[in-house]
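These notes are about the structure you will find just below.
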There are 2 protein chains.
Amino acid sequence: MSTSRRAEHYHHGDLRHALLEAAMAMLEAEGAAGLGLRELARVVGVSPAAPYRHFDSKGRLLEALAITGYQRFSTAMWAAERQSAPARRIGAMGQAYVRFALDNPNLFRLMFSPELKRDGRPSLRLAADAAFDTLKAVTAALPEGEKRVAALRAWAQVHGLAVLLLDGQIALRPGEDVDALVAAVIGAG
Amino acid sequence: MSTSRRAEHYHHGDLRHALLEAAMAMLEAEGAAGLGLRELARVVGVSPAAPYRHFDSKGRLLEALAITGYQRFSTAMWAAERQSAPARRIGAMGQAYVRFALDNPNLFRLMFSPELKRDGRPSLRLAADAAFDTLKAVTAALPEGEKRVAALRAWAQVHGLAVLLLDGQIALRPGEDVDALVAAVIGAG
DNA sequence: ACCTGAACACCGTTCAAGT
DNA sequence: ACCTGAACACCGTTCAAGT
């Protein structure tokens with residue numbers, strides 16, 4: 001009885017999944033720099049070497065987390081697109097973008113971290129490209145020649161707002177909420 | 001004769017300055033994560049403990065580098081402001097902003113790194129505030145009620161462009177240069 | 001006052017060995 | 001096939017001791 005717990009999970013069952021789950025929690029709690037592979041192994045209850053059966057390196061683990069992040073981001077953006085009337089679409093998607101960043105600060109930072117794409121993994125690029133494709137819905141109604149610049153402008157505005165808010169560079173005024181600020185800034189763009 | 005080199009620099013003369021100089025070079029070469037305090041000490045030729053006479057921690061060293069970064073940024077922005085006609089001012093300062101980011105990628109990233117302001121050091125905040133005050137020159141001509149939103153819009157656009165370009169998320173088209181892209185994006189803002 | 005040497009408590013990663 | 005134990009080469013940081 002006393003050995004069954006360990007024995008039944010010696011081949012952990014789903015160590016890869018358990019690692020990802022715990023790592024995502026640690027990422028959000030402490031940031032990518034504070035996510036230690038040894039500490040992660042400790043939390044999950046395996047030896048320091050065990051994670052290497054499932055991830056070649058810490059970078060690959062972070063990459064997997066970032067891909068999950070891009071998928072969640074895509075879901076949030078498509079939901080905002082679907083649930084809004086065409087006239088409100090730009091605002092709704094911009095607000096969804098900023099809200100995702102503020103709700104998942106360390107995951108969002110990881111998704112844009114330069115350490116990630118060192119060796120340009122294709123699965124990461126694919127997930128990121130799919131995520132940013134959601135933004136193109138915003139410029140669908142514009143004439144062809146203006147699409148690129150309009151899309152970049154909208155993206156830069158909303159991404160800039162997100163990271164400046166995230167880093168505490170923009171202070172919200174008393175009574176001001178994020179949605180109102182986003183609406184004011186991108187509304188006249 | 002053989003001992004004079006070491007002896008005359010035992011009290012290093014200006015170890016603090018030498019550390020900052022070498023650290024700035026390492027930062028630009030490898031990023032803040034790749035900047036090791038022990039490696040830094042090795043490069044400068046002192047013991048691993050020596051830097052602690054001048055900086056309480058690695059965080060404080062990075063903070064000093066970031067302050068230098070904000071000062072350089074301010075200089076670049078004021079230069080752009082001074083050298084441009086009023087009508088071209090927004091474009092010139094936006095281009096200076098993005099160019100600073102692309103010319104000093106790891107310094108720029110450090111300036112906006114969340115690890116820095118953990119315990120809200122006042123000298124860092126002062127340097128950052130002074131740097132962003134340069135942006136207010138852009139909205140000086142606008143009516144009072146529109147200043148804040150217009151300033152935030154301009155800042156978000158230009159900062160978003162900078163970080164997206166830095167991370168390789170925006171691909172420049174063949175023959176397209178950064179200044180032209182910045183002009184196109186913020187021109188109609 | 002400023003720096004060294006040695007130590008402490010960590011890392012990420014590798015690899016032979018166990019089950 | 002999957003995991004452990006022990007090791008390697010590092011970290012940041014501290015502190016008694018040297019000059």
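Residue numbers begin at 1 in each chain, while the letters A, B, ... track the order of the sequences.
The distance between atom CG of B/Leu37 and atom P of D/dT14, rounded to the nearest whole Å, is 11 Å.
C/dA6 is paired with D/dT14 under the Watson-Crick or G-U wobble criterion, all donor-acceptor distances under 3.5 Å. In this entry C/dT19 has D/dA1 as its Watson-Crick or G-U wobble partner, both defining distances falling under 3.5 Å.
Proximity of a side-chain donor or acceptor of A/Arg89 to a complementary backbone N or O of A/Ser84 within less than 3.5 Å is detected. Remark: the backbone N or O of A/Asp179 is paired with a side-chain donor or acceptor of A/Gln95 at under 3.5 angstrom.
Out of C/dC11, C/dC3, D/dT13, the shortest distance to the side chain of A/Arg38 is found at C/dC11. Taking only side-chain atoms of A/Arg53, from C-beta outward, the nucleotide of D/dA7, C/dC3, D/dC2 with the closest atom is D/dC2. With C/dT13, D/dT4, D/dG12 as the candidates, the nucleotide lying closest to the side chain of A/Ser47 is D/dT4. Between D/dC11, D/dA7, C/dC3, one nucleotide has an atom nearer to the side chain of B/His54 than all others, and that is C/dC3. Candidate nucleotides C/dC3, D/dG12, C/dT13 were compared by shortest atom distance to the side chain of A/Pro48, and C/dT13 ranks first.
Looking at heavy-atom distances under 4.0 Å, B/Leu35 makes contact with sugar-phosphate atoms alone, never a base.
Aromatic ring orientation, A/Phe112 versus A/Tyr70: perpendicular (interplanar angle above 60°, classes split at 30° and 60°). Taking the six-membered ring where tryptophan is involved, the planes of A/Phe108 and A/His159 are tilted, since the angle between them lies from 30° to 60°.
Dashed line: the shortest gap from a side-chain N or O of B/Arg42 to OP1 or OP2 of D/dC11 is under 4.0 Å.
Comparing A/Ala49 and A/Glu39, the nucleotide of DNA chain C nearest to each residue sits closer to the 5' end for A/Glu39.
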